[in-house]
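Every heavy atom of this structure was used, including side-chain atoms; hydrogens, water molecules and symmetry mates were not.
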Amino acid sequence: NPITILPDRMIPEKRQWLENRLHGIEGINIHQVPSERGGSSAQSFRYAMEYAINNFPDDALVYLVEDDYLHLPYGPQAIEEGLKRADYVTLYDCIDKYVPASKGGNPLIDQTGSDETRVILTPTTHWRLTNSTTCTFAAQVKTLKRDFEIWKKHCFVTDDQKHPNDFPCFLELRENNRTLISPIPSLSTHAEPGWLAPRIDWM
């Protein structure tokens, strides 16, 4: 599957380094985010989503991924399986789904460190129905088009918004009967040590 890298405000030396590292690898396209469209996580995320909507067919499976994630090998296969069962798929089993709100975790997690969910089995992994994730997720282009106004409402409200408001966005998507699933155990992790996906030795 083709990979499009969208560097945001990358200095020429780093872009040259990236191009040298990727030279000769088929299926990778580097598309610079225009300077007037980038500069923050929210702006870059908006550009990436609009790029996917405007450049790929409705039935294409798109994985929007930030640059600070690690992945296990079965991710692409799992995404294809997951999107047959849900509108949105994340490969990240975020630790906040096991921490009560009273201890700084997800607001919808109870005192026992759990929430109401459903479990789904596909050939690659088990999945849980979940309430939210980060802005690293997969969906079909037609899903992004259908839900674009909700994404605009929460994740790029103004030009100077720095961070996408992913949590309230996914809650509104759920209110509109959209489904989001995550694998158990995780198939990816945020690279921030405090947010590593549980039960896997990422080091």
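Residues Pro57 and Val141 form no side-chain contact, since every pair of their non-hydrogen atoms from C-beta on lies 4.5 Å or further apart. Using a 4.5 Å heavy-atom cutoff, the side chains of Ile30 and Arg15 are in contact. A 4.5 Å side-chain heavy-atom check between Ile3 and Ile25 finds every atom pair outside the cut-off. In this structure, Tyr74 and Thr125 have side chains that are not in contact, with every pair of non-hydrogen atoms separated by 4.5 Å or more. Between Gln77 and Leu187 there is no side-chain heavy-atom pair separated by less than 4.5 Å. For the pair Trp151/Glu50, no side-chain contact is recorded, criterion being any heavy-atom separation below 4.5 Å from C-beta on.
For Ser182 (side chain) and Trp127 (main-chain N/O), no donor-acceptor pair under 3.5 Å exists by modelled atom type. Judged by distance alone, the side chain of Asp115 and the main-chain N or O of Ile109 form no donor-acceptor pair under 3.5 Å. Judged by distance alone, with hydrogens and angles left aside, the side-chain atoms of Lys97 form a donor-acceptor pair with the main-chain N or O of Ser132 at under 3.5 Å.
In the model, Thr134 has a side-chain atom that pairs as donor or acceptor with a side-chain atom of Tyr69 under 3.5 Å. Under the 3.5 Å distance criterion, with hydrogens and angles disregarded, a donor-acceptor pair is assigned to the side chains of Thr112 and Ser114.
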Donor-acceptor pairs under 3.5 Å, side chain of residues 193-203 to any protein atom, not counting sequence neighbours: which ones?
unit_1 : atom_1 : unit_2 : atom_2 : d
Asp201 : OD1    : Met203 : N      : 3.1
Trp202 : NE1    : Ala197 : O      : 3.0

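Applying the side chain to side chain donor-acceptor pair (under 3.5 Å) rule to pairs touching residues 54-63 yields Asp58-Lys145, Tyr63-His71, sequence neighbours excluded.
In terms of the side chain to side chain contact (heavy atoms under 4.5 Å, CB included) criterion, residue partners of Gln16 (sequence neighbours excluded) are, by chain and number, Glu19, Asn20. Under the salt bridge (Lys or Arg N to Asp or Glu O under 4.0 Å) criterion, Arg174 pairs with no residue at all, not counting sequence neighbours. In this structure Leu61 satisfies the side chain to side chain contact (heavy atoms under 4.5 Å, CB included) test together with Glu80, Leu83, Gln140, sequence neighbours excluded. Legend: residues meeting salt bridge (Lys or Arg N to Asp or Glu O under 4.0 Å) with Asp67, ordered by chain and number and at least two apart, are absent.
Atom CD1 of residue Ile181 and atom OG1 of residue Thr122 lie 7.0 Å apart, to the nearest 0.5 angstrom. How far CG of Asn106 is from CG of Asn131: 4.5 Å, rounded to the nearest 0.5 Å. The distance from atom CG of Asp147 to atom CE of Met49, rounded to the nearest 0.5 Å, is 8.5 Å.
The aromatic rings of His31 and Tyr47 lie parallel to each other, their planes meeting at an angle below 30°, with 60° marking the opposite boundary.
Arg85 has no carboxylate O lying under 4.0 Å from a charged side-chain N of Glu81, or vice versa, which leaves the two without a salt bridge.
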